[in-house]
Amino acid sequence: MADRSRSFLKEGTLTYAYILLYIALSSGQIFFNKWVLSSKEINFPYPLGLTLLHMVFSSVLCFVLTKVFKVMRVEEGMTLEIYTTSVIPIGATFAMTLWLGNTAYLYISVAFAQMLKAIMPVAVFILGVAAGLEMMSCRMLLIMSVISFGVLVASYGEININWIGVVYQMGGVVGEALRLIFMEILVKRKGLKLNPISVMYYVSPCSSVFLFIPWIFLEKSRMEAHGTWNLQPLVLMLNSLCTFALNLSVFLVISHTSALTIRVAGVVKDWVVVLLSALLFADTKLTIINLFGYAIAIAGVAAYNNHKLKKEASKGSSDESKHPESIPLTEPSTSNS
(Lines give C-alpha, C1' and ligand atoms only; values in the text may rest on other atoms or scores of the structure.)
Protein backbone atom coordinates (compact mmCIF):
# COMPACT_ATOMS: atom_id res chain seq x y z
CA MET A 1 0.00 0.00 0.00
CA ALA A 2 2.82 2.38 0.91
CA ASP A 3 4.66 1.49 -2.29
CA ARG A 4 1.53 2.22 -4.31
CA SER A 5 1.11 5.61 -2.62
CA ARG A 6 4.74 6.49 -3.27
CA SER A 7 4.38 5.43 -6.89
CA PHE A 8 1.22 7.53 -7.30
CA LEU A 9 2.91 10.53 -5.68
CA LYS A 10 5.98 10.15 -7.88
CA GLU A 11 3.84 9.89 -11.03
CA GLY A 12 1.78 12.93 -10.04
CA THR A 13 4.89 14.97 -9.28
CA LEU A 14 6.40 13.99 -12.64
CA THR A 15 3.22 14.98 -14.47
CA TYR A 16 3.14 18.43 -12.86
CA ALA A 17 6.84 18.81 -13.64
CA TYR A 18 6.17 18.13 -17.34
CA ILE A 19 3.30 20.65 -17.34
CA LEU A 20 5.42 23.34 -15.69
CA LEU A 21 8.25 22.55 -18.13
CA TYR A 22 5.86 23.02 -21.06
CA ILE A 23 4.53 26.35 -19.73
CA ALA A 24 8.06 27.60 -18.98
CA LEU A 25 9.48 26.54 -22.36
CA SER A 26 6.46 27.80 -24.29
CA SER A 27 6.46 31.22 -22.63
CA GLY A 28 10.24 31.45 -22.67
CA GLN A 29 10.47 30.61 -26.37
CA ILE A 30 8.09 33.44 -27.27
CA PHE A 31 10.17 35.91 -25.29
CA PHE A 32 13.40 34.45 -26.68
CA ASN A 33 12.20 34.87 -30.28
CA LYS A 34 11.06 38.44 -29.62
CA TRP A 35 14.43 39.28 -28.08
CA VAL A 36 16.44 37.73 -30.93
CA LEU A 37 14.36 39.50 -33.59
CA SER A 38 14.01 42.90 -31.92
CA SER A 39 16.96 43.51 -29.59
CA LYS A 40 19.88 45.71 -30.56
CA GLU A 41 22.25 43.32 -28.77
CA ILE A 42 21.56 40.41 -31.14
CA ASN A 43 20.67 42.52 -34.19
CA PHE A 44 18.98 39.66 -36.09
CA PRO A 45 15.77 41.16 -37.57
CA TYR A 46 15.33 38.28 -40.01
CA PRO A 47 12.21 36.23 -39.17
CA LEU A 48 12.59 34.03 -42.26
CA GLY A 49 16.22 33.28 -41.43
CA LEU A 50 15.41 32.51 -37.80
CA THR A 51 12.50 30.25 -38.70
CA LEU A 52 14.51 28.47 -41.40
CA LEU A 53 17.25 27.82 -38.83
CA HIS A 54 14.66 26.31 -36.46
CA MET A 55 13.33 23.95 -39.12
CA VAL A 56 16.76 22.81 -40.36
CA PHE A 57 17.89 22.23 -36.77
CA SER A 58 14.68 20.28 -36.04
CA SER A 59 15.10 18.17 -39.19
CA VAL A 60 18.68 17.20 -38.35
CA LEU A 61 17.95 16.50 -34.68
CA CYS A 62 14.86 14.42 -35.48
CA PHE A 63 16.89 12.29 -37.89
CA VAL A 64 19.70 11.81 -35.35
CA LEU A 65 17.32 10.89 -32.50
CA THR A 66 15.12 8.52 -34.52
CA LYS A 67 17.49 6.95 -37.05
CA VAL A 68 20.98 7.18 -35.53
CA PHE A 69 20.49 6.83 -31.77
CA LYS A 70 16.97 5.39 -32.11
CA VAL A 71 15.83 6.81 -28.77
CA MET A 72 12.49 7.81 -30.33
CA ARG A 73 10.24 6.04 -32.78
CA VAL A 74 8.64 7.38 -35.97
CA GLU A 75 5.11 6.14 -36.57
CA GLU A 76 4.76 3.88 -39.61
CA GLY A 77 2.20 4.11 -42.40
CA MET A 78 3.54 7.07 -44.38
CA THR A 79 3.21 6.63 -48.17
CA LEU A 80 4.19 8.80 -51.14
CA GLU A 81 0.52 9.60 -51.79
CA ILE A 82 -0.07 10.71 -48.18
CA TYR A 83 3.16 12.72 -48.18
CA THR A 84 2.33 14.61 -51.37
CA THR A 85 -1.35 15.26 -50.58
CA SER A 86 -1.09 15.90 -46.83
CA VAL A 87 2.44 16.40 -45.50
CA ILE A 88 3.48 18.89 -48.18
CA PRO A 89 0.41 21.13 -47.60
CA ILE A 90 1.02 20.87 -43.84
CA GLY A 91 4.68 21.80 -44.34
CA ALA A 92 3.74 24.76 -46.53
CA THR A 93 1.13 26.13 -44.11
CA PHE A 94 3.45 25.49 -41.16
CA ALA A 95 6.16 27.54 -42.90
CA MET A 96 3.61 30.29 -43.57
CA THR A 97 2.57 30.31 -39.90
CA LEU A 98 6.15 30.54 -38.62
CA TRP A 99 7.24 33.17 -41.12
CA LEU A 100 4.30 35.54 -40.69
CA GLY A 101 3.98 35.00 -36.94
CA ASN A 102 7.65 35.75 -36.28
CA THR A 103 7.55 38.77 -38.59
CA ALA A 104 4.67 40.22 -36.56
CA TYR A 105 7.03 40.54 -33.57
CA LEU A 106 8.92 43.23 -35.46
CA TYR A 107 5.83 45.46 -35.44
CA ILE A 108 3.61 44.63 -32.46
CA SER A 109 4.12 43.66 -28.83
CA VAL A 110 4.18 40.07 -27.62
CA ALA A 111 1.04 40.65 -25.51
CA PHE A 112 -0.98 42.08 -28.40
CA ALA A 113 0.17 39.28 -30.73
CA GLN A 114 -1.03 36.79 -28.12
CA MET A 115 -4.40 38.53 -27.89
CA LEU A 116 -4.86 38.48 -31.66
CA LYS A 117 -3.97 34.79 -31.69
CA ALA A 118 -7.07 34.07 -29.60
CA ILE A 119 -9.08 34.42 -32.84
CA MET A 120 -7.59 31.09 -33.98
CA PRO A 121 -10.67 28.91 -33.19
CA VAL A 122 -12.81 31.20 -35.36
CA ALA A 123 -10.49 30.75 -38.36
CA VAL A 124 -10.29 26.98 -37.76
CA PHE A 125 -14.08 26.69 -37.50
CA ILE A 126 -14.77 28.71 -40.66
CA LEU A 127 -12.24 26.74 -42.70
CA GLY A 128 -13.49 23.49 -41.12
CA VAL A 129 -17.05 24.24 -42.25
CA ALA A 130 -15.77 25.03 -45.76
CA ALA A 131 -13.84 21.72 -45.82
CA GLY A 132 -16.81 19.72 -44.51
CA LEU A 133 -15.08 18.87 -41.23
CA GLU A 134 -17.29 21.01 -38.99
CA MET A 135 -21.05 21.48 -38.76
CA MET A 136 -22.61 24.91 -38.34
CA SER A 137 -24.65 25.18 -35.14
CA CYS A 138 -26.13 27.91 -32.94
CA ARG A 139 -23.82 26.91 -30.09
CA MET A 140 -20.70 27.24 -32.24
CA LEU A 141 -21.88 30.53 -33.72
CA LEU A 142 -22.31 31.88 -30.19
CA ILE A 143 -18.83 30.72 -29.16
CA MET A 144 -17.26 32.21 -32.29
CA SER A 145 -19.10 35.50 -31.68
CA VAL A 146 -17.81 35.67 -28.09
CA ILE A 147 -14.21 35.07 -29.19
CA SER A 148 -14.45 37.61 -32.02
CA PHE A 149 -16.00 40.23 -29.75
CA GLY A 150 -13.28 39.69 -27.14
CA VAL A 151 -10.48 40.10 -29.71
CA LEU A 152 -12.12 43.25 -31.08
CA VAL A 153 -12.35 44.75 -27.59
CA ALA A 154 -8.72 43.83 -26.86
CA SER A 155 -7.65 45.43 -30.17
CA TYR A 156 -9.65 48.57 -29.40
CA GLY A 157 -7.75 48.86 -26.13
CA GLU A 158 -4.34 48.61 -27.77
CA ILE A 159 -2.44 51.88 -27.40
CA ASN A 160 0.32 51.44 -30.00
CA ILE A 161 -1.48 49.48 -32.70
CA ASN A 162 0.50 48.80 -35.88
CA TRP A 163 -1.66 47.54 -38.74
CA ILE A 164 1.27 45.98 -40.61
CA GLY A 165 1.92 43.81 -37.56
CA VAL A 166 -1.78 43.00 -37.29
CA VAL A 167 -1.86 41.85 -40.92
CA TYR A 168 1.20 39.65 -40.42
CA GLN A 169 -0.26 38.12 -37.25
CA MET A 170 -3.64 37.48 -38.90
CA GLY A 171 -1.82 35.87 -41.82
CA GLY A 172 -0.04 33.61 -39.35
CA VAL A 173 -3.39 32.74 -37.77
CA VAL A 174 -4.85 31.81 -41.17
CA GLY A 175 -1.77 29.70 -41.93
CA GLU A 176 -2.07 27.88 -38.61
CA ALA A 177 -5.79 27.30 -39.13
CA LEU A 178 -5.07 25.81 -42.56
CA ARG A 179 -2.41 23.58 -41.04
CA LEU A 180 -4.83 22.30 -38.40
CA ILE A 181 -7.40 21.56 -41.11
CA PHE A 182 -4.84 19.60 -43.14
CA MET A 183 -3.82 17.74 -39.96
CA GLU A 184 -7.44 16.77 -39.34
CA ILE A 185 -7.82 15.63 -42.95
CA LEU A 186 -4.65 13.55 -42.54
CA VAL A 187 -6.17 11.79 -39.51
CA LYS A 188 -9.82 11.52 -40.57
CA ARG A 189 -9.59 10.88 -44.30
CA LYS A 190 -6.17 9.27 -44.61
CA GLY A 191 -6.45 7.28 -41.38
CA LEU A 192 -2.90 8.09 -40.27
CA LYS A 193 -2.26 9.13 -36.66
CA LEU A 194 1.12 10.61 -35.84
CA ASN A 195 2.62 11.59 -32.53
CA PRO A 196 4.37 15.00 -32.37
CA ILE A 197 7.84 13.48 -32.93
CA SER A 198 6.65 11.83 -36.15
CA VAL A 199 5.02 15.08 -37.27
CA MET A 200 8.29 16.94 -36.69
CA TYR A 201 10.26 14.23 -38.52
CA TYR A 202 8.09 14.43 -41.66
CA VAL A 203 7.09 18.12 -41.67
CA SER A 204 10.30 19.92 -40.64
CA PRO A 205 12.30 19.12 -43.82
CA CYS A 206 9.30 20.05 -45.96
CA SER A 207 8.84 23.36 -44.13
CA SER A 208 12.57 24.06 -44.50
CA VAL A 209 12.22 23.94 -48.28
CA PHE A 210 9.20 26.26 -48.28
CA LEU A 211 11.08 28.73 -46.05
CA PHE A 212 14.35 28.50 -47.98
CA ILE A 213 12.83 29.71 -51.26
CA PRO A 214 11.45 33.07 -49.99
CA TRP A 215 14.52 33.50 -47.76
CA ILE A 216 16.78 33.53 -50.84
CA PHE A 217 14.80 36.38 -52.41
CA LEU A 218 13.82 38.39 -49.31
CA GLU A 219 16.55 38.12 -46.69
CA LYS A 220 19.71 36.46 -48.00
CA SER A 221 21.12 39.60 -49.67
CA ARG A 222 20.28 41.76 -46.64
CA MET A 223 22.00 39.34 -44.28
CA GLU A 224 25.11 39.27 -46.48
CA ALA A 225 25.18 43.07 -46.75
CA HIS A 226 25.12 43.44 -42.96
CA GLY A 227 27.61 40.65 -42.30
CA THR A 228 25.02 38.82 -40.21
CA TRP A 229 26.58 35.40 -40.80
CA ASN A 230 29.11 35.97 -38.02
CA LEU A 231 26.69 37.29 -35.39
CA GLN A 232 25.87 35.37 -32.20
CA PRO A 233 25.86 31.76 -33.54
CA LEU A 234 25.69 30.38 -29.99
CA VAL A 235 22.55 32.40 -29.20
CA LEU A 236 20.83 31.32 -32.42
CA MET A 237 21.74 27.66 -31.82
CA LEU A 238 20.40 27.86 -28.27
CA ASN A 239 17.21 29.44 -29.62
CA SER A 240 16.77 26.54 -32.05
CA LEU A 241 17.45 24.00 -29.30
CA CYS A 242 14.79 25.62 -27.09
CA THR A 243 12.28 25.36 -29.94
CA PHE A 244 12.97 21.64 -30.30
CA ALA A 245 12.81 21.13 -26.51
CA LEU A 246 9.42 22.87 -26.50
CA ASN A 247 8.03 20.42 -29.04
CA LEU A 248 9.42 17.53 -26.99
CA SER A 249 7.71 18.89 -23.87
CA VAL A 250 4.38 18.79 -25.73
CA PHE A 251 5.05 15.12 -26.46
CA LEU A 252 5.81 14.45 -22.78
CA VAL A 253 2.68 16.24 -21.51
CA ILE A 254 0.44 14.41 -23.98
CA SER A 255 2.05 11.08 -23.14
CA HIS A 256 1.53 11.50 -19.39
CA THR A 257 -1.78 13.38 -19.28
CA SER A 258 -4.45 14.19 -21.87
CA ALA A 259 -5.59 16.64 -24.54
CA LEU A 260 -7.55 18.53 -21.88
CA THR A 261 -4.40 19.08 -19.82
CA ILE A 262 -2.42 20.49 -22.74
CA ARG A 263 -5.30 22.83 -23.60
CA VAL A 264 -5.65 24.07 -20.01
CA ALA A 265 -1.87 24.49 -19.79
CA GLY A 266 -2.02 26.45 -23.05
CA VAL A 267 -4.56 28.89 -21.59
CA VAL A 268 -2.39 29.35 -18.48
CA LYS A 269 0.63 29.93 -20.70
CA ASP A 270 -1.24 32.57 -22.71
CA TRP A 271 -1.97 34.61 -19.57
CA VAL A 272 1.64 34.16 -18.35
CA VAL A 273 2.92 35.52 -21.66
CA VAL A 274 0.56 38.50 -21.69
CA LEU A 275 1.30 39.55 -18.12
CA LEU A 276 5.06 38.88 -18.14
CA SER A 277 5.59 40.65 -21.45
CA ALA A 278 4.41 43.88 -19.82
CA LEU A 279 7.33 43.56 -17.40
CA LEU A 280 9.96 42.40 -19.89
CA PHE A 281 9.39 44.55 -22.97
CA ALA A 282 9.14 48.32 -23.23
CA ASP A 283 6.77 48.15 -26.21
CA THR A 284 4.09 46.38 -24.13
CA LYS A 285 1.61 48.64 -22.38
CA LEU A 286 -1.48 46.82 -21.16
CA THR A 287 -4.77 48.61 -20.54
CA ILE A 288 -7.91 47.56 -18.69
CA ILE A 289 -9.74 47.33 -22.03
CA ASN A 290 -6.95 45.07 -23.36
CA LEU A 291 -7.27 42.66 -20.45
CA PHE A 292 -11.08 42.77 -20.39
CA GLY A 293 -11.32 41.93 -24.09
CA TYR A 294 -8.71 39.19 -23.80
CA ALA A 295 -10.56 37.66 -20.83
CA ILE A 296 -13.75 37.51 -22.94
CA ALA A 297 -11.86 35.90 -25.82
CA ILE A 298 -10.20 33.34 -23.54
CA ALA A 299 -13.62 32.44 -22.08
CA GLY A 300 -14.78 31.74 -25.63
CA VAL A 301 -11.64 29.70 -26.34
CA ALA A 302 -12.28 27.65 -23.18
CA ALA A 303 -15.85 26.98 -24.33
CA TYR A 304 -14.55 25.96 -27.75
CA ASN A 305 -11.99 23.58 -26.23
CA ASN A 306 -14.67 22.06 -24.01
CA HIS A 307 -16.95 21.55 -27.02
CA LYS A 308 -14.16 19.90 -29.04
CA LEU A 309 -13.16 17.60 -26.18
CA LYS A 310 -16.75 16.45 -25.66
CA LYS A 311 -17.04 15.82 -29.39
CA GLU A 312 -13.83 13.77 -29.38
CA ALA A 313 -14.92 11.83 -26.28
CA SER A 314 -18.22 10.91 -27.91
CA LYS A 315 -16.35 9.02 -30.63
CA GLY A 316 -15.19 6.53 -28.01
CA SER A 317 -11.88 5.87 -26.35
CA SER A 318 -10.95 2.68 -28.19
CA ASP A 319 -8.82 4.47 -30.80
CA GLU A 320 -7.19 6.63 -28.14
CA SER A 321 -5.93 3.59 -26.27
CA LYS A 322 -4.31 2.23 -29.40
CA HIS A 323 -2.63 5.38 -30.62
CA PRO A 324 -0.95 8.29 -28.88
CA GLU A 325 -2.96 11.48 -29.16
CA SER A 326 -2.29 13.11 -32.49
CA ILE A 327 -1.95 16.83 -32.11
CA PRO A 328 -0.51 19.58 -34.24
CA LEU A 329 2.88 20.94 -33.30
CA THR A 330 1.87 23.43 -30.69
CA GLU A 331 4.02 26.54 -30.21
CA PRO A 332 5.75 26.20 -33.54
CA SER A 333 8.69 28.50 -32.87
CA THR A 334 6.38 31.48 -32.48
CA SER A 335 3.85 29.97 -30.17
CA ASN A 336 1.43 30.38 -32.92
CA SER A 337 0.59 27.23 -30.60
Side-chain angles (χ1 to χ4, degrees), residues 29-64 83-84 87-110 113 162-176 178-179 182 199-247 281 283 329 331-337:
Q29 186 61 35
I30 293 172
F31 298 142
F32 201 171
N33 284 348
K34 172 71 173 179
W35 181 62
V36 168
L37 291 168
S38 304
S39 72
K40 293 179 181 179
E41 293 86 355
I42 303 301
N43 190 29
F44 196 85
Y46 307 106
L48 263 173
L50 181 65
T51 307
L52 176 59
L53 180 63
H54 289 168
M55 288 297 97
V56 172
F57 187 87
S58 177
S59 301
V60 173
L61 208 52
C62 277
F63 180 82
V64 170
Y83 192 88
T84 53
V87 174
I88 289 179
I90 291 171
T93 52
F94 193 30
M96 173 184 172
T97 300
L98 299 173
W99 171 17
L100 298 180
N102 270 331
T103 304
Y105 286 152
L106 297 176
Y107 300 94
I108 59 177
S109 69
V110 169
N162 184 306
W163 290 106
I164 296 177
V166 171
V167 170
Y168 273 119
Q169 184 65 19
M170 289 296 99
V173 166
V174 172
E176 178 68 357
L178 285 169
R179 185 178 73 89
F182 281 120
V199 174
M200 289 167 63
Y201 177 83
Y202 289 118
V203 172
S204 294
C206 186
S207 294
S208 299
V209 173
F210 281 106
L211 289 165
F212 181 72
I213 295 171
W215 174 77
I216 290 177
F217 295 101
L218 297 177
E219 289 185 355
K220 182 174 181 290
S221 59
R222 288 167 50 207
M223 290 175 67
E224 289 175 339
H226 289 85
T228 308
W229 299 108
N230 299 320
L231 290 179
Q232 305 288 347
L234 184 61
V235 172
L236 296 177
M237 194 62 66
L238 181 60
N239 182 262
S240 299
L241 184 61
C242 287
T243 301
F244 188 82
L246 169 59
N247 290 322
F281 299 105
D283 65 348
L329 280 175
E331 318 309 333
S333 300
T334 66
S335 186
N336 280 334
S337 196

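What you see is a predicted model; the values in this text were computed from it and never measured. Positions are given from 1 along the sequence.
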So, the side chain of [X] versus the backbone of [Y]: is there a donor-acceptor pair under 3.5 Å, distance only?
{"X": "T93", "Y": "I90", "value": "yes"}
{"X": "S240", "Y": "L236", "value": "yes"}
{"X": "S58", "Y": "H54", "value": "no"}

Would Y107 and V166 satisfy side chain to side chain contact (heavy atoms under 4.5 Å, CB included), going step by step from the backbone distance to the final call? CA-CA 8 Å; Y107 300 94; V166 171; over 6 Å; no

Once rounded to the nearest 0.5 Å, what's the spacing between atom [atom1] of [X] and atom [atom2] of [Y]?
{"X": "L100", "Y": "T51", "atom1": "CG", "atom2": "OG1", "value": "9.5 Å"}
{"X": "L52", "Y": "N102", "atom1": "CG", "atom2": "CG", "value": "12.0 Å"}
{"X": "M170", "Y": "W163", "atom1": "CE", "atom2": "CH2", "value": "10.0 Å"}
{"X": "S39", "Y": "F281", "atom1": "OG", "atom2": "CZ", "value": "9.0 Å"}
{"X": "L241", "Y": "L61", "atom1": "CG", "atom2": "CG", "value": "7.0 Å"}
{"X": "L53", "Y": "L211", "atom1": "CG", "atom2": "CG", "value": "11.0 Å"}

Please find the pair of heavy atoms, one from A95 and one from S207, that lie closest to each other, and give the distance.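 Shortest heavy-atom contact: CB-O, 3.9 Å.
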
Quick check: closest heavy atoms across A113 and Q169, and the distance to 0.1 Å?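 Taking A113 first and Q169 second, the nearest heavy atoms are O-NE2, 3.4 Å.
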
Hey, does [Y] have a side-chain heavy atom less than 4.5 Å from the side chain of [X]?
{"X": "M55", "Y": "L98", "answer": "yes"}
{"X": "E219", "Y": "P47", "answer": "yes"}
{"X": "C206", "Y": "Y83", "answer": "yes"}

Go through the steps for Y46 and L218 under the test side chain to side chain contact (heavy atoms under 4.5 Å, CB included), then give the verdict. CA-CA 9 Å; Y46 307 106; L218 297 177; over 6 Å; no

Quick one: sort the W35 and F32 rings into parallel, tilted or perpendicular, breaks at 30° and 60°.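 Aromatic pair W35/F32 classed tilted.
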
Using the six-membered ring wherever Trp is involved, compare the ring planes of F244 and F57 and label them parallel, tilted or perpendicular (cut-offs 30° and 60°).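 It falls in the perpendicular class, over 60°.
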
Please test M223 against F44 for side chain to side chain contact (heavy atoms under 4.5 Å, CB included), starting from the C-alpha separation and ending with a verdict. CA-CA 9 Å; M223 290 175 67; F44 196 85; 3.9 Å; yes

